[in-house]
Amino acid sequence: MRFSKLLIPTSKETPNDATLASHIYLIRGGFIQSVGGSGLYNFLPLGKRVLDKVKQVVKEELDRVGCQEVSLAFVTPASLWEESGRYEKYGKELLRFKDRKENVFVLGPTHEEMMVNLVRQSVKSYKQLPLNLYQINLKFRDEIRPRFGLMRGREFLMKDGYSFHADEADMKREFDLMEETYKKIFRRLGLEFRVVEADSGAIGGSGSKEFMVLADSGEDTIVVCDGCDYGANIEAAVRQEKVCDAPAPQLGKEKVHTPNASTMEELAAFFDVDPFYLVKTVAMRALYDEGRSEIVLFALRGSDALQEVKACNAVDANDLVEVSEEELASAGLVAGFMSPIDVPEGVRVIVDKTIEGATDMICGANEKEYHTTGNTIEGNLDYHDIVAVQEGDLCAKCGGELRYTKGIEVGHIFQLGTRYSEPLGATFLDENGKSQPMVMGTYGIGVSRLLAAIIEQYHDDKGCIWTKETTPFDLYILVSNVKDEAQMRSAQKLYEELSAEGVDVLLDDRKDRFGAKIKDFELLGIPYGVVFGKKLSEGSVEIIERKGLAKEEVSLDEIKDKIVAKVRG
RNA sequence: CGGAGUGUAGCGCAGUCUGGUAGCGCACCUGGUUUGGGACCAGGGGGUCGAAGGUUCGAGUCCUUUCACUCCGACCA
C-alpha cells in the first residue's frame, strides 16, 4: 500500500501522559489514538493491521486443536450475573446500566455467564461433550486507574474461551492442551514468556496458570527459581518453610511493659531477638457482599510480610482495606500491640500456617505498651498460607534460590470446575441418564494488551520493532526523493513485483525528505526497509534491517529475491 | 476512595499573581525553493479560554459551584 494514501499520523511529540515505551511508540507511530484520555483508544489502520495479525495467530492455533469460535452479545442482562452470584462480587469494575424499561444490564468484563447460558440452552447430553468455545471480542472493565495505553485500558480486546466437560479428568486434559496451545501462540508471536502458578481472583476456581511476558515494565511481580522451572505470581507463590539460626528467646510466659516498641524493628531491638520469634499482627477490614464488612487480624512471623491476595482469599472476602486507628480502638484493639491471642469478642483471626505450634513467640498483649512473651501458637485457630515469598527464600520444589522478576500478564487459564455450571444450571445427562453439572475450564488471552507487550519486549530508542508474525507490513520501501523519476519508477516496480509474490509492502511515496521518512521507518518498526536513493544511479539500493539497523547494499537485479528470502525465512 | 496537580487551536504550552483587542511552537492550507537523517521563504485558516453562576464599564485572569482529566498508592487479559 502507498503511505501517501494511508492514514498513518506519526508524530515527533511524545504524549505527555505516556511513560511506557509501548504507549509512546504506539501513539507516535499512529497505530492507536487516545479517545479523550480515560483508557479508551481507537485503532487506526496500522494498529488494526497488527491487531488482526495477532488475532489470526490466536485463532489459527485454537482452531487447530478443536476450539470453535462464536461471538457473544456484548451487552449482558444483569440477571445472569445475579444467577452466578458475581453481580455483587465483581465490584465497581463492572459497568452497570439500565435500558429505557429500567432493566439492568452490564458490559461484560469476561463472559462465563453468557457462555454458560449459551451452552445450557443447547447442550443436554454427554454425547455433545467436550466442547471448547471461544470468542475474540471487546471487554469492558471500569478500571480504577486506567494507564499505560493499551496495557491497562478500560475497553480492550480479549480472547476468552470456555470448555465444558463430563468430568474433572477430561477438563484437566483440556487444561493441559490449552497450556500447550498458548505456549505455541506466544512462541509464534515471538515473545519471551514464562508460565507461572497464579491466584484465581474474581473468576474463581482452583488450579490456574498465568502466561507472563518478561519485561521490566510489567505490573506483576513474579517469583522464579534459578534452579528449576518453578515460577509463580507473588500472589500465589510458595516457598520452603524458613528456619532461623538465631536462638529463640529464653523468656517465660510474662507480660512485659514495652513503651515505644510498636514496630517489628523496635520490638526486635527491645527484646534483642530475631524478628522470626515475633508475631506480626496486621489488621484489615474485609469487605463482603451487600456492604457487609468485618475487622480481621492476620498473624504471621515478624520476619515475614503479609500477602494481601492470599489474605483476602483466606477470609473469602471481596476486598481488604486498611483500618484506621479509631476503628481499631472501637473494636478494642491497639495498633502496635495487637495479638492473635485473647482477642476482643467479634474480631476474626487468621494465623499463618508456618507458626502453627510455634513456641517462645512474643506477641502484643492487646493492651497499650504491653507485649507478652513465651507464647505458643496452638489451639483451634484458623490457619492459612498468608505470607509473601521474598527474594532469597528457597524453592519448595528444588531448594534453589527464588528471585523476583516483572511480567506482563497476557494469558490466564483456569480450572473452573462447577463454579458457574452449578448456580447457572448447566447440566447434562450422563451415560446413566443422571443429571450432572458440566465441569468447566476458562482460558483468556489479552489480545490488545499483546500489542503493548510485544513493543515492551521489542523496541529501541527510535521506535517499535515488530516480530515477523505481528508486523503490519513485511517491507517498507523508502523513496528518498519522489520527484526523481528513476527512483520512483524502480521503487514502484519492486513494489508491484513483491506484492504479486504475496509480500505485504508499504511504499513510502510521500513528498517529504529522506530524514523524515527514515525516522518514520524506525518509528513504525517494520522488520525490513529498502531505500531507493543516491546509489540507484550505480544500480544499487540499500536494505535496512530494523532490528539493529544494519545496512546492506544490494544490486537492483538481486533485490527482489533477497527480500523474498528474508521475509519468508 | 486518599493525597498532589492540570483544564487556553488537532498536539505541546505561555498568558492568570497585577482584569483592558487571546498568543507561541509543532501540525494544517496556498505558492515557490529544497531532496540521504524530522528543510527554508512568503502568505493563510483554525478558539464558546472545561462548564454554570457571580463581581465589574469590561473576566482567560477575581469569587462561588461543578465537571473532566493527569500523576503517586489498593484491581486485572
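Here is how names work: the chains are called A, B, and so on, in the same order as the sequence lines, proteins then strands, and each is numbered from 1.
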Checking base pairs now: Watson-Crick or wobble, both atom distances under 3.5 Å. What partners [N]?
N: B/rC17; value: none
N: B/rA74; value: none
N: B/rG53; value: B/rC63
N: B/rA42; value: B/rU30
N: B/rG36; value: none
N: B/rG12; value: B/rC24
N: B/rA68; value: B/rU6

Taking any heavy-atom pair under 4.0 Å as a contact, classify [X]: base, sugar-phosphate, or nothing.
X: A/Asp220; value: base
X: A/Glu210; value: nothing
X: A/Gly153; value: base

Check the distance between [N]'s [atom2] and [X]'s [atom1] and give it to me in whole angstrom.
X: A/Phe193; N: B/rA77; atom1: CZ; atom2: P; result: 18 Å
X: A/Glu143; N: B/rA74; atom1: CD; atom2: P; result: 14 Å
X: A/Lys209; N: B/rC76; atom1: NZ; atom2: P; result: 21 Å
X: A/Leu150; N: B/rC76; atom1: CG; atom2: C1'; result: 15 Å
X: A/Gln135; N: B/rA77; atom1: CD; atom2: C1'; result: 13 Å
X: A/Ile185; N: B/rA77; atom1: CD1; atom2: C1'; result: 13 Å
X: A/Leu138; N: B/rA77; atom1: CG; atom2: P; result: 17 Å
X: A/Leu306; N: B/rA74; atom1: CG; atom2: P; result: 13 Å

| query | So, does the side chain of A/Arg147 form a donor-acceptor pair with the base of B/rC71 at under 3.5 Å? | reply | no
| request: Decide yes or no, distance alone: a donor-acceptor N/O pair under 3.5 angstrom between the base of B/rC75 and the side-chain of A/Arg141. | output: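 No, no donor-acceptor pair under 3.5 Å.
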| request: Could you pull out all residues at least two apart from A/Thr281 that satisfy side-chain hydrogen bond (donor to acceptor under 3.5 Å, both in side chains)? | output: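 A/Thr281: no side-chain hydrogen bond (donor to acceptor under 3.5 Å, both in side chains) contacts found.
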Spacing of the [atom1] atoms in [M] and [N] (rounded, Å):
N: B/rC13; M: B/rU70; atom1: C1'; value: 15 Å
N: B/rU55; M: B/rC41; atom1: C1'; value: 49 Å
N: B/rU6; M: B/rA14; atom1: P; value: 10 Å
N: B/rC1; M: B/rG47; atom1: P; value: 36 Å
N: B/rU35; M: B/rC71; atom1: P; value: 44 Å
N: B/rC24; M: B/rG43; atom1: P; value: 13 Å
N: B/rA51; M: B/rG60; atom1: P; value: 11 Å
N: B/rC62; M: B/rC49; atom1: C1'; value: 16 Å

| said: Strictly distance-based, threshold 3.5 Å: is any side-chain N or O of A/Asp160 a donor or acceptor partner for the main-chain N or O of A/Thr110? | reply: no
| Sequence neighbours excluded, every pair satisfying ring pair (Phe, Tyr, Trp, His ring centres under 6.0 Å) that has a member inside residues 133-159 of chain A |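 Every candidate ring pair (Phe, Tyr, Trp, His ring centres under 6.0 Å) pair involving residues 133-159 of chain A fails, so no pair, neighbours aside, qualifies.
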| task | Please step through side chain to side chain donor-acceptor pair (under 3.5 Å) for the pair A/His412 and A/Ser208, ending with a clear verdict. | result | CA-CA 7 Å; A/His412 200 158; A/Ser208 117; 2.8 Å; yes
| said: Under the rule for side-chain contact (heavy atoms from CB on, under 4.5 Å), what residues qualify as partners of A/Ser84, not counting sequence neighbours? | reply: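 Per chain and number, A/Ser84 pairs via side-chain contact (heavy atoms from CB on, under 4.5 Å) with A/Arg86, A/Glu113, A/Tyr420, A/Leu424.
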| request: Apply side-chain contact (heavy atoms from CB on, under 4.5 Å) to A/Leu138 and list each qualifying residue two or more places apart in sequence or on a separate chain. | output: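 Partners of A/Leu138 under the side-chain contact (heavy atoms from CB on, under 4.5 Å) test: A/Phe74, A/Glu155, A/Leu157.
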| remark: Contact string for nucleotides 35-43 of chain B, one letter per nucleotide 5' to 3', B = base within protein heavy-atom range under 4.0 Å, S = sugar-phosphate only, - = neither, reads BBBBB----
Please list, one pair per line, the donor and acceptor atoms closer than 3.5 Å that link side chains of residues 522-535 of chain A to other protein atoms, with sequence neighbours excluded.
none

| Is the Lys NZ or Arg CZ of A/Arg546 less than 6.0 Å from the centre of A/Tyr458's six-membered ring, within 45° of the axis? |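 Pair A/Arg546/A/Tyr458 does not count as cation-pi.
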| field | Candidate list A/Glu60, A/Lys53, A/Lys59, test side-chain hydrogen bond (donor to acceptor under 3.5 Å, both in side chains), partner A/Gln56, passing option | value | A/Glu60
| field | Side chain proximity check, A/Gln307 to A/Glu235, heavy atoms < 4.5 angstrom | value |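 Contact flag for A/Gln307/A/Glu235 side chains = yes.
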| said: According to ring pair (Phe, Tyr, Trp, His ring centres under 6.0 Å), who are the partners of A/Phe193, at least two apart in sequence or on a separate chain? | reply: A/Phe186
| request: Using the test salt bridge (Lys or Arg N to Asp or Glu O under 4.0 Å), find all partners of A/Asp385 that sit at least two apart in sequence or belong to another chain. | output: A/Lys310
For nucleotides 6-14 of chain B, print each protein N/O atom paired with a nucleotide N/O atom at under 3.5 Å, atom names and distance only.
unit_1, atom_1, unit_2, atom_2, d
B/rG12, OP1, A/Asn16, ND2, 2.9

